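Here is the structure we will look at, set down as structure tokens.
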2 protein chains.
Amino acid sequence: MTVTLADVAARAQVSPATVSRVLNGNYPVAATTRERVLRAVDELDYVLNGPASALAAATSDLVGILVNDIADPFFGIMASAIQAEIGGPGGRAGGERLAVVCNTGGSPERELTYLTLLQRQRAAAVVLTGGAIEDEPHATAMASKLRKLGDAGTRVVLCGRPPAPDTRAIALTFDNRGGGRELTEHLLGLGHRRLGYIAGPEERTTTRHRLEGHRAALEAAGIDEDPRWTVHGRYDRRSGYEATLELLRRDPSLTAVVAANDSVALGACAALRDSGLRIPDDVSVAGFDDLPFSIDAVPSLTTVRLPLAEAGARAGRIAMGREEAPPGGIAMIRGELMVRGSTGGPRG
Amino acid sequence: MTVTLADVAARAQVSPATVSRVLNGNYPVAATTRERVLRAVDELDYVLNGPASALAAATSDLVGILVNDIADPFFGIMASAIQAEIGGPGGRAGGERLAVVCNTGGSPERELTYLTLLQRQRAAAVVLTGGAIEDEPHATAMASKLRKLGDAGTRVVLCGRPPAPDTRAIALTFDNRGGGRELTEHLLGLGHRRLGYIAGPEERTTTRHRLEGHRAALEAAGIDEDPRWTVHGRYDRRSGYEATLELLRRDPSLTAVVAANDSVALGACAALRDSGLRIPDDVSVAGFDDLPFSIDAVPSLTTVRLPLAEAGARAGRIAMGREEAPPGGIAMIRGELMVRGSTGGPRG
DNA sequence: AGCGTGACAGCAAGCGCTTTCTATCTAGTG
DNA sequence: CACTAGATAGAAAGCGCTTGCTGTCACGCT
């Protein structure tokens with residue numbers, strides 16, 4: 001019923017081998033023969049059988065991209081950039097590859113299961129985006145899985161994620177600590193002394209690093225941090241809204257709120273406004289990531305820009321073997337402080 | 001080197017057939033045997049070879065999701081919902097499926113090529129999201145491709161996209177026309193008579209339908225539309241910014257601007273502010289989609305909410321055969337007008 | 001004229017799994 | 001107790017493609 005290589009071969013009066021070679025183009029085939037084959041392919045409307053081809057050749061053209069939340073532009077932007085470089089149709093890369101975007105939802109089990117699924121598909125490469133989960137057993141399981149993938153010839157690249165030791169994985173890590181520190185230094189420079197911090201979920205590297213940067217800046221400035229000034233939440237707007245109200249309840253004298261990321265910062269802004277506070281006159285707000293909407297907030301958000309698209313593109317190229325891995329397999333990608341309207345000197 | 005089914009069989013002292021059956025669980029296997037096999041799988045760290053399995057069984061567990069722009073939350077939200085229902089790891093669905101999110105970038109060729117790639121992989125189902133491109137040759141090619149996919153047993157679902165006649169594709173269509181109309185009626189009700197419209201790219205069904213709704217409302221109100229009041233652009237913020245400046249240049253007396261979607265509306269707001277105009281006192285602004293950030297705009301955006309997540313979830317279930325297709329294979333999904341702060345009565 | 005040499009094309013052996021058909025064994029039945 | 005139905009397990013035939021190896025020619029060289 002379905003057209004196979006053999007059918008094409010018969011029609012073109014050549015052997016299946018020849019058809020295969022024409023299609024893969026890695027073996028000399030006379031121009032006239034090639035033409036005949038291509039015509040047959042066209043006439044029969046032949047479509048290669050991917051699984052069969054993958055099985056015989058022991059390789060596949062699937063590339064996995066793991067993201068925490070595909071609905072979040074932070075991941076969407078990286079995924080998009082990675083995918084463009086992977087060279088799906090229209091990409092500059094030669095062979096047409098299928099990018100498989102997998103949504104882990106931040107769940108450790110899913111992360112692992114997806115990796116197994118990709119391993120099962122004999123994926124050509126896998127790119128993991130976003131922070132890692134800091135759970136000892138899970139980290140061990142991940143490392144082991146990544147090692148196996150690497151051993152099986154799958155190229156593994158971590159994009160915006162800390163290195164995975166004892167693994168062949170290439171890591172392009174965001175300097176969350178440095179960015180967090182710079183951001184808080186900016187606030188301190190403006191004269192703020194009482195800063196609330198809305199952190200992301202615990203046991204996430206991203207959360208921890210940004211928070212560490214923040215605390216390092218405080219410490220360097222000789223400020224004793226009040227434990228009440230830190231609240232943990234999710235990486236979304238809602239969480240930012242609630243956390244801000246909580247922060248305000250705990251200490252109404254705060255003059256600045258630093259958020260785990262831009263979405264959280266937006267929620268913080270909303271909460272402040274709803275509490276009758278002006279930004280930045282009464283309270284300054286800062287975000288992280290510099291997602292596209294941040295500049296449109298009113299006032300526009302002071303934040304740390306992470307080169308998401310660039311990092312994704314680079315990760316994609318490395319995954320495809322079109323760019324050399326950084327020395328040591330690790331590269332630290334710095335963020336850039338974007339000072340905008342949401343931060344100003346403290347009131348009074 | 002790599003562990004195969006046969007290795008597991010040898011270790012468990014059973015035939016490969018039995019191992020396969022244990023793994024697929026669709027054939028009776030004695031409990032003790034099953035256990036022995038599972039132990040062997042575990043000890044050998046065996047991972048099924050996806051391509052081989054797909055080849056032999058003539059089916060695969062890949063499900064394609066086509067989106068225009070994965071970095072755009074509009075698509076991200078739908079993709080996320082679809083994927084959750086597809087039942088990747090952790091999903092309620094039984095078999096573990098791999099969702100393949102394909103980024104077409106709005107390019108017709110890529111759309112087609114991705115479909116071929118999915119066809120090649122013998123995808124179990126394909127969900128196409130977002131509006132279609134209104135180019136006769138391309139539409140024909142798409143229909144033909146979708147027909148072939150359908151004939152090959154791949155379930156095809158259109159989510160937020162007009163029906164594809166002569167195809168087995170199930171369509172969950174957004175009522176863009178109705179939403180557009182309602183939105184403009186709201187503005188007219190407030191007393192606006194000179195409305196600018198920032199449309200999306202031409203030759204897109206979404207663009208056309210929303211615009212048609214807008215015009216229908218104007219016509220019903222007996223307003224002659226000035227051709228200068230419509231500008232076409234892309235579906236992004238930047239485009240909204242520029243288009244608004246252009247609109248203002250063409251007719252500074254406009255009292256309202258209707259945007260093709262929320263991102264464009266945000267750009268419009270920025271342009272208005274930069275032009276020294278207040279929203280909504282001087283000019284009202286309306287968006288479309290009600291993406292999460294819309295409520296955080298200042299003032300918050302009046303827009304038409306599209307149940308993106310619900311539609312995606314439903315599309316996912318239909319694609320998996322877990323929900324019946326709507327009668328006639330077509331369902332119209334209505335939007336809901338969300339009146340918020342960005343629209344008000346015209347000045348004066 | 002004889003022959004080495006490319007340039008192509010074909011043969012055939014798998015790749016690792018699924019599944020039909022068949023064989024075996026146990027337990028239930030008259 | 002002979003016999004049959006039901007429950008498992010195995011043998012083996014592919015699934016559609018790739019690729020190493022083996023021809024077969026047509027040239028051009030000595």
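Everything numeric here is computed off the predicted structure, so don't read it as measured data. Every chain is numbered from 1 and lettered A, B, ... according to where its sequence line falls, protein lines coming before strand lines.
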Point to revise | Atom pair distance, as rounded to whole Å: CD in A:Gln13 and P in C:dG10 | key: 10 Å

Review point. Should we count CD of A:Glu43 as having more than 12 external heavy atoms under 6.0 Å?
Key: yes

Check your understanding: With a 4.0 Å cut-off, would you call A:Glu111 and A:Arg161 a salt bridge?
Key -> yes

Review point. For C:dA9, does either OP1 or OP2 sit under 4.0 Å from a side-chain N or O belonging to A:Ser15?
Key: no

Practice item. Rounded to the nearest angstrom, tell me the gap between atom CG in B:Leu55 and atom C1' in C:dT19. Key: 13 Å

Check your understanding: Side chain of B:Tyr27: nearest nucleotide among C:dT18, C:dC21, D:dG16?
Key -> C:dC21

Revision key, fill the gap. Between CG of A:Leu48 and C1' of D:dG16 the distance, given in whole Å, is 9 Å

Check your understanding: Has A:Thr18 got a side-chain N or O lying under 4.0 Å from the OP1 or OP2 atom of C:dA9?
Key -> no

Practice item. May I ask you to evaluate whether B:Asn49 reaches the phosphate of C:dC15, defined as a side-chain N or O under 4.0 Å from OP1 or OP2? Key: no

Revision key, fill the gap. Side-chain contact check for B:Ala17: nearest option of C:dA9, D:dC15, D:dA12 is D:dA12

Review point. Reckon B:Thr33 has a side-chain N or O less than 4.0 Å from the OP1 or OP2 of D:dA9?
Key: yes

Exercise for review: Provide, to the nearest angstrom, the distance between the CZ atom belonging to A:Arg36 and the P atom belonging to C:dC8.
Suggested key: 14 Å

Review point. Given D:dT8, C:dT19, C:dC15, which nucleotide is nearest the side-chain atoms of B:Pro28?
Key: D:dT8

Check your understanding: Do B:Thr140 side-chain atoms and B:Glu136 backbone N/O form a donor-acceptor pair below 3.5 Å?
Key -> yes

Point to revise | Base of C:dT20 paired with side chain of B:Arg21 (donor-acceptor, under 3.5 Å) | key: yes

Study note, to complete from the structure: When rounded to whole Å, the CG to P distance for the pair A:Leu23 and D:dT19 reads 13 Å

Revision key, fill the gap. With the side chain defined as heavy atoms from C-beta on, B:Ala56 is closest, among C:dC8, C:dT18, C:dG14, to C:dT18

Check your understanding: Of the nucleotides C:dT18, C:dA9, D:dT19, which has the atom closest to the A:Asn26 side chain?
Key -> D:dT19

Review point. Counting only N and O atoms by type, is there a donor-acceptor contact under 3.5 Å from the side chain of B:Arg97 to the main-chain atoms of B:Leu62?
Key: no

Check your understanding: In whole angstroms, how far is the P atom of C:dC15 from the CZ atom of A:Arg122?
Key -> 14 Å

Practice item. Would you classify B:Ala58 as touching base, sugar-phosphate or nothing, given that sugar-phosphate means primed atoms plus P, OP1 and OP2, and contacts are heavy atoms under 4.0 Å? Key: nothing

Exercise for review: Would you mind classifying the nucleic acid contact of B:Val29 as base, sugar-phosphate or nothing, using non-hydrogen atoms under 4.0 angstrom?
Suggested key: sugar-phosphate

Revision key, fill the gap. Here the distance between atom P of D:dG16 and atom CD of B:Gln121, to the nearest Å, is 15 Å

Review point. Can you tell me if B:Ser15 and B:Thr18 form a side-chain donor-acceptor pair at under 3.5 Å?
Key: yes

Point to revise | Short side-chain N/O contact from B:Ser53 to OP1 or OP2 of C:dT18, under 4.0 Å | key: yes

**Study point:** A:Glu134 atom CD: more than 12 heavy-atom contacts under 6.0 Å
**Key:** yes

Exercise for review: With heavy atoms under 4.0 Å as the rule, sort B:Val14 into base, sugar-phosphate or nothing.
Suggested key: sugar-phosphate

Exercise for review: Return the 5'-most residue of the pair B:Pro16, A:Thr4 with respect to DNA chain D, ranking by each residue's nearest nucleotide.
Suggested key: B:Pro16

Check your understanding: Rounding to a whole Å, what distance do you find between A:Arg120:CZ and C:dG16:C1'?
Key -> 14 Å

